[in-house]
Each structure stands twice: as structure tokens, then as C-alpha cells.
Amino acid sequence: MRVRKNIAANEEGFLFNPTTGDSFSTNSIGVEIISLLKKDISLRDIVDELYEKYDVDRALLERDVEDFSLQLKEFSILE
Amino acid sequence: MNSIKKKPTFVIAVTGINAIDSPGPGVAVIRAIRDCKDFETRIIGLSYESLEPGLYMHDLIDKSYQIPYPSAGTDSLWERLEYIHKKEHLQLIIPNFDAELFNFIKLENQLKLNGIATYLPDLKQLESRDKVKLLDFGKNHGFYVPEDYIIHEFKELKKAVDDFEFPMVIKGKFYDAVIVNSTDQAEKAFFKIQSKWGLPVIVQKFIKGTEINIAALGDGKGGAISIVPMRKLYITDKGKAWAGVTLHDESLIALARKFIAETRWRGGCELEIMLSPDGKPYIMEVNPRFPAWIYLTAAAGHNQPAALVKLAFGQKLEPFGEYEVGKIFIRYAWDLITDINEFHKISGSGEL
Amino acid sequence: MCILPLLNNQGILKKLKLNEKNELNLIMEKQRYERPFIVKLNAGLMNKFGTRAENQPVTHIESVSIKGLLKEFGSPLFVISEQKIRRNYQNALRIFKTRYPKIQFAWSYKTNYMNAVCRIFHQEGSWAEVVSGFEYDKAIGNGVPGNKIIFNGPDKSDNDLIKAASNQSLIHIDHYDELYSLIRLSEERNLKPRVAIRVNMDTGIYPKWDRFGFNFENGQAWNALTRILSNSHLELVGIHCHIGTFMLSPEAYKIAARNLCELAWSAKERFGIMIQYIDLGGGFPSINTLKGAYLPGSDTVPSLDQFADAITDVILGYGFKQDELPLLILESGRALIDDAGYLLGTVLATKRLSDGRRATIMDFGLNSLFTSLWYEHKISPAQKMSDQTEEMIMFGPLCMNIDIVRESITMPMLQKGDQVVVHSVGAYNMTQWMQFITLRPNIVLIDTENNTHIIRKAENLAYLEQLEQLPEHLK
């Protein structure tokens, strides 16, 4: 599972998928997750990293990251 | 002192900059205002969606902002306008959509208190020409208006279908009109329109004839500053004028003058007229704002949008004189090129 | 262990903490979490600019904290503001009184018949308007004198009629069967009931309410009046109509007022009797947004002033002499109570539906918020949240597909445990709510000094089973 090559989120949280022509808007934690995914970091490690940084219940974070990754797949941002 | 008077610069916000295949009038209004040599302008575009072409026409529009949809209500609209006003010091807003007029009229006083002018009909005028009430309006003021039934439930459709002859027109409360030729088609159209625009649905007698539109500007005291009739030369499949020509017909001008006088209409409006073969001008609809073809009035010598700007700033205007008959407009499409970043910018920050 | 919060000059919260070895450690506070969120941009999407007004958190009702209320009284929770009720009432009274000399409001019991609520209205001077024997008894129980109770509706038993007639209550006759019953009972028992008739008519609005009362246009109403006026037992004191509910047209009230005046005038001309009152019923809307409406109710609903103008202009201009002007009775319910009621609730869960839509499940649903069938209720978050918003469908807690609070609402990103406030729920919910699947919650009144009082306790199993009986063989 990896982010398509030429997709990147800019600082304001915009993504353009040149393969499909779709544009997306995400929030800052979304930008973070996408850039971590681009570095081929696994979802489990991403959760670890975010858990260190944010004030959040771990189970909730795991669920949210999983839900987010499903959406990324749905939007063809993840291969 | 005889120094040359410096032209004033007006900051004017305009909505309806969706110059698409069924266009909003905003871009045409701006073009006409820009043509006027009596004042300078800074034009602020107000858009609902991020692909409205006007957003990307940087030589026509200086800066654009997204505003909340009319259904969000006046509180949301005011909050957004206040933000824009702080940055731009608006002096005038010209709304160009039917659906948003209610909100802008409601905010008229609040805008005025903040130094922002509008030049709009009042709520009573707005409602009197509402589709659902148009027949009564015609009866009360002596205009020809096609007979109609206002239908609140499906079983009432039968009565209308029995009463009128085919073809007849099924219309939505806000938009949409379908010409039907059989009971079956009428039922289908009814359900389709009901699901989109809700009840009531309007069943209107079909009037055959020549389609004429009239753009007019009223001074709010019963006087008409300008009246320009236009005959549609060709229409799109949505019934919009693709090309049209200015006409001279005293009876049409008299009709519009009477409409403005009776309603004491303030601001721009468009009368959609069907001239029946026996010469009766039926009012099919009254749009409470300028039409998308309004630039034709400027081209024919009656710059209605510029006149509205002057009226809004309190100038006294005499009615225009003659306009040029036989001026033609032909609408054309033009592919504007921009970068995805611009789209992201307006989508994300709501400003461009 | 002691923790000292410190705020540095960048606004970042740091804490000083003593560890197990009693060393003072500076620990960085973790950042505030917001759920990751991604949305496809498409041109047709509702833009979010200007929707902030909708999503301002509401943390207090009057000056009572919502968090505190939910902690003390449980979730969900109905809350009623006494101050708001009194203000609404006084405002409505002022609006009508400044236009017409003789005004009387009668509290519509069915709108909200919590005794505490009724008594606030009665303290303010409101009579009672009831539509059943049970509501009638409730009014008596609330200390309303018999002659200040208006008895409406198609359902009045012989016993109800006898009781109301003996108490000098105002009986508003709905149909001929009731008229003849009342004549028979009066003759048998030598009663002299004070009556009015309910009139229905075409006021140009849809749907036409022609199922209650006697029709104006076809002469039925006049015939019924004639029948009453020529009977020595019945005393005709008024004429009543109620043209519909959530009326958005002041014009319709003009027509109604004119028709009632015409009946009163005819009674005076032909029988020499000037009726004492005209009762125009209720039907004034609240600022709720009806489903399917394009613009929000807060913008489109006409003001009470417009209704008052329409009604009083007609009566004052009809031609009655100053001293024979009838008393004008109004039975407003919704317009006086709706925005004084709030429903507080908590998010039970959030999920994503198969089509990608976000769904939020609340601990209240159709069972407690019956009006979600009619309105797009305004719902605010009850705590500060991030500016990021998302569109969602809001479900209630029932195991029923129809249990939907809002089909589509844009709110901040809610998560389990977040609290919300539903606005303008004071009318009809606390009378039409259902005990279905869950038990009905507490209702709390905030008095004018911001003290809280439970005015109806949350139901429990014992309460619910109190009336049940088990046949022997099932014990």
C-alpha cells in the first residue's frame, strides 16, 4: 500500500491526482499521514508516531487512521 | 476652482459570475459597468462555486470571494459579507440570482448601515411576481398571464389536465419548465419536478407565439429609466437565448412601462413575453434582476447596469432616449485556461 | 504527584511534573487531536465559507453550563428556560395589546402540558385551551377557574360536556352531533352552557383544514349559529376558528378575521346579540425550518407583528362600535414555547456508511425528538471544536431505519462523547414523544434566577410496568 508516485499534498492540504484529475482537501494531520505513507512507513508505525504527538485515545486513533486510509484507497490516492 | 474633476472609484460586488451554458448575468453586468466612462471601479466577484468562470477572469474582476449558499440564511451571508467588507470596503452589491434576492433584500438596511448600497425591489414587489402568484398579479393589474393551476397534490393534476388542452407546461416553484403533450407525460413531468423543487407544481396553459424578452430598469417611484425589448433569434435546448436582436415595438415598451409604474419597481428586471398570433402579449415570467443578455442594452445605447450604479449612489437620472434597433448579440463559448492552483486556492481559501 | 500547568509565550501548554523519584520534569503537552479528514473537491460541493455562524458552540443555556446539566441530570436531557417563556409571552401580549384593546391568550395544553410550563403561562395571565377530558382535568388541577378554560376539539364525552357546562367553561362546538348532545344534556339537567362554534373556511392556504368545525362558505356555520341563538339553554358567547398550523401567511389570518367578524355582525343584526369574543386560534410559526424549505425559518417566518397587524386591522376596521369590540382570544402554543425548549444529547458513535457518507449516532432520536419528522432542527456543538466541518447524516439510537434526526447536516467533526444542543424543541415534543425502545429522559426547568428544577423525572422500569398486569398463568 503506497501513495501514488506523483501525488503530494501541499501545505494548505490540497492534493491533485494527475492520473484521475481529482482534487482533494485534507487537514493538517491528513497531510502528515500522507507524507508518512509516501515514505513507505507502515500504518502501525504511523499510529505510533501520531500517538506520541497528539493527545488522543490510542484505539480511537487506530480506527481513525484506518478509516482515513480506506478513504485514500477509495479515492485512488493509495495504490 | 476649475480643476478637472477626478472620476470617483466605486467598489462594487457582483454575484452570478457563472458565465456557463445557462449563464448567470454577473459577467455581463460587470462588462457593462466597466464600459461606463463616468466612474472607475474595483469589481469584487461573489461566487457560490469554485468553477464559476468569472472567478478566473482577472481582467474583468479584481478579486473574488466565495459566499454561502442562499439556503444558509442571512446570518451566514452577513457574517461572510462583513468579512469581505472589512477587506474591500464595499460600496455597492449587485445580486443577480433569483434565489439569493430574498436574503439580500432582508439585509438591505444592515448593509446600508455599514455603508453598502443596494438597488433592489422590496419584498412585496419580489413576491408579487412570484410564479405561484403571477396569475393573480396579472388579473389585479390588467396584464395577460396564461391561466394556470397551482397543484399541491397529485390528484389535482387530473383537473388541470382535463381543463387545459395539450400541449401544456409543467413548471417548478423555482426553476424548470417542461412542455407536455399527453397525460402520461404530464404525470412524469409532475413527479420529476416535484422531487426536485417540491410542491406546489404549476400547470400552465401553453401559449404559442413569438418569444420576446424585455430588460428594464425602474427607479422605485414608478418611473422607467430604460426599457429595451429583445426578440430571441435562436434558443439553446434549455430555452435560453443564443442570439437576439433589439426591437422597436411601442406596445411592448408600453407594457413594460405599465409594469414598472404599477409595481413601482426598483432595480433591474426582465419580462418574459409570449406574443400570441392574435397580438396579445402574455407575461410568462418576471425575473427580478437583470437578464444574462443585459450587455446588449449597453451596446444599444442604454447601459442599464451603469445606470443602476448611478441610481444606487443617489444620482438623479432622466430616462434614456432612443436605443439602437437591430443590434444583435450572439453568445459564444471561450475556453479560459488557468492552473489547478487557482482552483485549489478558491476552493480552499474561498478567495482568489 | 503534582502537575502544574504553565503557558509559555507561544501559547503552548507545558506541565511541570514530579516523577517517582521526586525530580521535577518539564513535559511537553501533546497537541490537540483532530481526526484526519479528506474530501474530494468538486465544483458542485456546498462551499464552507460563511457556515461558521451555524457551528458556533453553545455552551450555556441562560447562564447554566450544558456540560454541568448533562453531568447532573444525564443525557439526553430536555431543558426549558422559564425566562424565555415569560419573555415570549410578554412580548406577544405587548405586540397585540398595542394594537387592540382587549386581548386574551389561552395556553394550548397539547403543545406542552408539563404542569410547570402551564403554570408559568397561567401566572402570566394565560387562560387554558384544552382538547380532551384529560387535558381539561389537568387545567383544573393547575388551578385555572372553570370559566377561563376553552374546551376545543371533536372529542368531548357527555361527562366532559356536563362538567364543562357546570363549570361555566367555554365549550367550542365542533360538529352537529356535539351540538345536539349539548342541547339534550342541557335540557335534561337544566344547564346553561356558554358556547362558541368552531368555523372552518378557505383562507387560501393549503391544506385546507375543513375537518374541524362548521364550514363558513357553504352556510353551515351560520346555520349552526342560528340553531344556538334560537335555543334558550345555550348562551352564545364567541366564535372560534383555527385555520392551520405553522402558518406562514398573515394574509390568511386577515381572511379568517374578516369571516368571523361577518358572522358576529350577522348575529348582531338578526338576533340583536353581540358576541363577547372572537377566538382566532393559534398556528403562528416558530423559527424552525420546515423540511423541504429552501431558506431557513429564521429568515422566512413572518414576525408576530405582521400577524397582529393583519388580524387587528380587520377587526378594528370592520365597523363595530368601540364599546362592542369583541375580546380577541389567541391560542398560540408553538410560537410562545418552541424556542424556550432545548434538547441536549451526546454522540454515541460515529461511522462511515458504505457509500462513504459520515454518520453520527446520537443518544436521542425520533422517540424523544418527534418534531425531527417535520423540521430541519438547528443543532449546535456544545463544546469548542476545530473549524473543520464535515457533512453527515445524524441518526438516533433506535434500531429502526426511520430513526433519523437530520438527513444531512454540516457540523464540526464530532466524535463519541461530544455533546450537542438541539434548538427550538419546546413545542409538541414533550407531549408527542414516544416511550419506545428507550425510556423518556428528565426535563429540567431553568428558573429566572438560573436555578435548575427537574419538572419531570426520567422514566424507569418500575414506572413503566406500573400499569401492566400479568394473567395468572403467566406468572
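No hydrogens, no waters, no symmetry mates; every other heavy atom, side chains included, goes into these values. In what follows, chains carry the letters A, B, and so on, assigned in the order in which the sequence lines appear, proteins first and then strands, with residues in each chain numbered from 1.
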Chemist: Between A/Glu32 and chain C, with a heavy-atom cut-off of 4.5 Å, which part of the residue counts as in contact: side chain, backbone, both or neither?
Modeler: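 No part of it gets close to chain C.
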Chemist: Side chains of C/Thr438 and C/Asn367: any donor to acceptor distance under 3.5 Å?
Modeler: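 A donor-acceptor contact under 3.5 Å links the two side chains.
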Chemist: Any donor-acceptor pair under 3.5 Å linking the side-chain atoms of C/Thr371 with those of C/His377?
Modeler: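 Present: a donor and an acceptor within the cut-off.
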Chemist: Is NZ or CZ of A/Lys53 both nearer than 6.0 Å to the six-membered ring centre of C/Tyr33 and within 45° of the ring axis?
Modeler: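 Not satisfied by the 6.0 Å and 45° rule.
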Chemist: For side chain to side chain donor-acceptor pair (under 3.5 Å), just list the numbers for C/Thr410 and C/Glu390, CA-CA rounded to whole Å, side-chain angles, deciding distance to a tenth of an Å, and then say yes or no.
Modeler: CA-CA 5 Å; C/Thr410 301; C/Glu390 64 184 342; over 6 Å; no
Chemist: Please state whether the side chain, the backbone, both or neither of A/Ile77 comes within less than 4.5 Å of a heavy atom of chain C.
Modeler: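 Just its side chain gets close to chain C.
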Chemist: So, are C/Glu376 and C/Arg406 salt-bridged, with charged N and O less than 4.0 Å apart?
Modeler: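 Salt bridge between C/Glu376 and C/Arg406, a charged N being under 4.0 Å from a carboxylate O: yes.
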Chemist: Only heavy atoms, only distances under 4.5 angstrom. Which residues in residues 12-19 of chain A are near chain C?
Modeler: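 Counting heavy atoms that sit under 4.5 Å from chain C, the residues of residues 12-19 of chain A involved are A/Phe14, A/Leu15.
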Chemist: Can you confirm whether C/Phe78 sits close enough to C/Val425 that some side-chain heavy atom of one is under 4.5 Å from a side-chain heavy atom of the other?
Modeler: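 Yes, close enough: below the 4.5 Å cut-off.
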Chemist: Looking at chain C, which one of A/Ile33, A/Leu72, A/Thr26, A/Leu61 has the largest number of heavy-atom pairs inside 4.5 Å, strictly under?
Modeler: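 Ranked by contacts with chain C, first place is A/Thr26.
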Chemist: Between C/Tyr342 and C/His423, what is the ring plane arrangement, given parallel below 30°, perpendicular above 60°, and tilted in between?
Modeler: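 Geometry flag for C/His423 against C/Tyr342: perpendicular rings.
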Chemist: Go through the steps to decide whether A/Asp57 and C/Lys416 satisfy the test salt bridge (Lys or Arg N to Asp or Glu O under 4.0 Å), and finish with yes or no.
Modeler: CA-CA 11 Å; A/Asp57 175 68; C/Lys416 183 177 159 63; over 6 Å; no
Chemist: Under 4.5 Å from any heavy atom of chain A, what part of C/Arg352 do you find: side chain, backbone, both or neither?
Modeler: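 Contact with chain A involves the side chain of C/Arg352 alone.
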Chemist: Under a 4.5 Å heavy-atom cut-off, does chain C meet the side chain of A/Asn27, its backbone, both or neither?
Modeler: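 When you check distances to chain C, atoms from both the backbone and side chain of A/Asn27 fall under 4.5 Å.
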